[in-house]
Amino acid sequence: MKVIDHNELFKGQDYLRQFETKKEFELPCTPEEVSSVSEYTKTADYMQKNFARTALTINPAKACQPIGAMLCACGFENTLNFVQGSQGCVAYFRSHLSRHFKEPVAAVSSSMTEDAAVFGGLNNLLEGLENAYNLYKPDMIAMSTTCMAEVIGDDLSAYIKQAKEKGCVPHYMMVPFAHTPSFVGSHITGYDNMLKGILSAVTPEKKPEKTGRINIIPGFETYTGNIREVKRLMSLMGQPCMVLADTSDSMDSPNTGQYRLYPGGTPLEEAKTAINAEATFSLQKYATVKTGEFIKEVWGQGFYALPMPVGIRKMDEFLDTISSLCGKPIPQEIDDERGSAVDAMIDSHPYIHGKRFAMVGDHDLLLGIMSFVIEMGGESIHVVCTNGDKSFEADAYQLLSSSPHGKNGKVYIAKDMWHLRSLMFNEPVDLLIGNSYAKFLWQDTSTPLIRVGFSAV
């Protein structure tokens, strides 16, 4: 039997008639009414109503906590993601990560259903842990939760303890966990919660002596090449480093023609020595808030939240901080590369200078993009951060005020892409920067989209 591709199948007369018949239910208004309402949504009057809404979110620029927790766990060697929740949620997390990175993402679920919602998810967790350990032979199982487990109040710490007492997994096995309810926070919160959980699990009882190495946390990094570049720069400076939650290979593994369940990741034995580093540097301040507190309070180690090294200014700050604190000079090779980047920026400057930008994304990425746009002479007019807070708002305005090119910029926290749509119709811009979900803004406003950030479409 010939299976017809969907692009051809839905052009068939049967489907066309079906689509036409369904319009009376799906499109009860006339084309004229639809056009009239569509035009109204572009007006200043509608924008005022749009910004007054509080009980509805439309196309937010964020994902939920477990996605961040899963990406973090994928950055550790031989580690299996275990999600205490329903299969449907985990399928969503896996597909989003797989579609962005174009890599298979291993994760298992405790397959909670209605009975678990009533009686609790302990039995699902016990059986799931035992099956996962016996089938997939991980060295570490990183556990996160979905909304269902959080709403009914599953106690992961107590459940894991029972699982070890019942022999579902060995007593010596590390099973770090993070409570990651999707109804609060976002993917960067989940990343932070899981990283803190994993570092708590790998921390030895006794603090070893310092070795001169530094730890680097990339944060919710959606481009594996950035992690490799940071390691290259540290190598050029002669500074030994270890990347914690290193996804450069697990999310960009070589194609050898043979599937590997656990490619790459920070070796667990090395992660246990992270406590004896000279200091820990985070490249995403807002994705490592709780982790930073843990490192300072429990490890007694210096923790430095550096800016995401996007553009000249942010990269200079990153390298200068490393050089100053570690006593490592910046080599000529890096200086030469900086000169080449500056030359390219000067060559491109006439095309960007004076252009108006709208941008939407995560805290740290937005701060990096804003800095780079300012360096190129562009104006960051609309800056939308759905999961932003007052601290981010202050950081963003401080950056905008550092240059004449930022004087017209405005920052919007806790706003979504439907808010941005109103802004772009009433205060048009030349270019839009955002992830692939911003394509709807591009389609509606005809503003060219520069795709940057995490997305699965």
Side-chain angles (χ1 to χ4, degrees), residues 57 59-76 79-112 141-151 156 176-198 217-224 226-227 244-248 250-252 265 283-284 286-291 360-366 385-388 416-417 434-438 451-457:
T57 300
N59 202 10
K62 67 174 184 176
C64 52
Q65 281 205 51
I67 289 182
M70 286 178 57
L71 179 63
C72 175
C74 286
F76 289 88
T79 297
L80 178 66
N81 268 298
F82 184 106
V83 184
Q84 174 75 341
S86 66
Q87 286 182 325
C89 290
V90 181
Y92 159 72
F93 307 145
R94 291 179 60 189
S95 66
H96 261 56
L97 290 170
S98 294
R99 288 164 67 186
H100 175 85
F101 289 102
K102 305 298 185 288
E103 293 283 341
V105 177
V108 297
S109 162
S110 58
S111 302
M112 292 173 65
I141 296 178
M143 189 178 297
S144 53
T145 56
T146 65
C147 296
M148 181 189 292
E150 290 298 319
V151 169
L156 295 189
F177 66 90
H179 287 279
T180 53
S182 298
F183 45 80
V184 295
S186 67
H187 52 289
I188 66 169
T189 317
Y191 180 96
D192 192 14
N193 288 335
M194 179 55 79
L195 184 56
K196 178 186 175 184
I198 292 176
I217 302 173
F220 191 90
E221 177 55 75
T222 58
Y223 299 101
T224 55
N226 289 344
I227 300 176
L244 296 173
D246 184 356
T247 59
S248 58
S250 55
M251 290 300 173
D252 187 22
L283 303 188
Q284 290 189 16
Y286 291 94
T288 52
V289 176
K290 293 181 180 178
T291 300
V360 57
D362 289 338
H363 317 63
D364 296 286
L365 181 59
L366 282 174
C385 187
T386 301
N387 48 0
D416 54 46
M417 284 193 258
N435 65 26
S436 291
Y437 290 104
R451 302 192 187 208
V452 178
F454 174 71
S455 54
V457 291

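Counting from 1, the numbers follow the sequence of the chain as shown. Keep in mind that what you see is a predicted model, and the values were worked out from it rather than measured.
Evaluation of the side chain to side chain donor-acceptor pair (under 3.5 Å) rule for Thr291 yields Asp192 as partners, not counting sequence neighbours. Residues forming a side-chain contact (heavy atoms from CB on, under 4.5 Å) with Val151 (at least two apart in sequence, or on another chain): Phe183. Partners of Phe101 under the ring pair (Phe, Tyr, Trp, His ring centres under 6.0 Å) rule, at least two apart in sequence or in another chain, do not exist in this structure. Phe82 is linked by a ring pair (Phe, Tyr, Trp, His ring centres under 6.0 Å) to nothing, counting only residues two or more places apart in sequence or in another chain. Applying the ring pair (Phe, Tyr, Trp, His ring centres under 6.0 Å) test to His363 and every residue at least two apart in sequence or in another chain returns Tyr286, Phe392.
In this structure, the side chains of Ile67 and Leu97 come closer than 4.5 Å at one or more pairs of heavy atoms. No side-chain heavy atom of Val105 sits under 4.5 Å from any side-chain heavy atom of His100. Contact check for Val452 versus Tyr223: side-chain heavy atoms found under the 4.5 Å cut-off. Using a 4.5 Å heavy-atom cutoff, the side chains of Phe76 and Ser250 are not in contact. Counting heavy atoms from C-beta on, the side chains of Ser144 and Gln65 never come closer than 4.5 Å. You'll find the side chain of Tyr191 reaches within 4.5 Å of the side chain of Ile217, heavy atoms only.
Closest of all the heavy-atom pairs between Leu156 and Ala178 is CD1-O, 4.0 Å. The shortest non-hydrogen separation linking Gly219 to Ala287 is CA-CB, 4.4 Å. Scanning all heavy atoms of the two residues, the minimum distance from Asp246 to Ser248 falls at OD1-OG, 2.6 Å. Among all heavy-atom pairs drawn from Gly453 and Leu365, the shortest one is CA-CD2, 3.9 Å. When all heavy atoms of Thr146 and Gly85 are compared, the pair lying nearest together is OG1-CA, 3.2 Å. Closest approach of Gln284 to Phe220, counting heavy atoms only: OE1-N, 3.1 Å.
Taking CD1 from Ile227 and CG from Leu283, the interatomic distance works out to 9.0 Å, rounded to the nearest 0.5 Å. Rounding to the nearest 0.5 angstrom, the gap separating the CD atom in Glu221 from the CG atom in Leu71 is 9.0 Å. In this structure, the separation between SG on Cys74 and CG on Leu80 is 9.0 Å, given to the nearest 0.5 Å.
Counting only residues at least two apart or in different chains, side chain to side chain donor-acceptor pair (under 3.5 Å) contacts with residues 102-112 comprise Gln84-Ser110, Gln87-Ser111, Glu103-Ser253.
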| Criterion side-chain contact (heavy atoms from CB on, under 4.5 Å) on Met194 and Thr180, from CA distance to verdict | CA-CA 8 Å; Met194 179 55 79; Thr180 53; 5.7 Å; no

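Side-chain atoms of His187 and Asp362 form a donor-acceptor pair, as typed in the model, at a separation below 3.5 Å.
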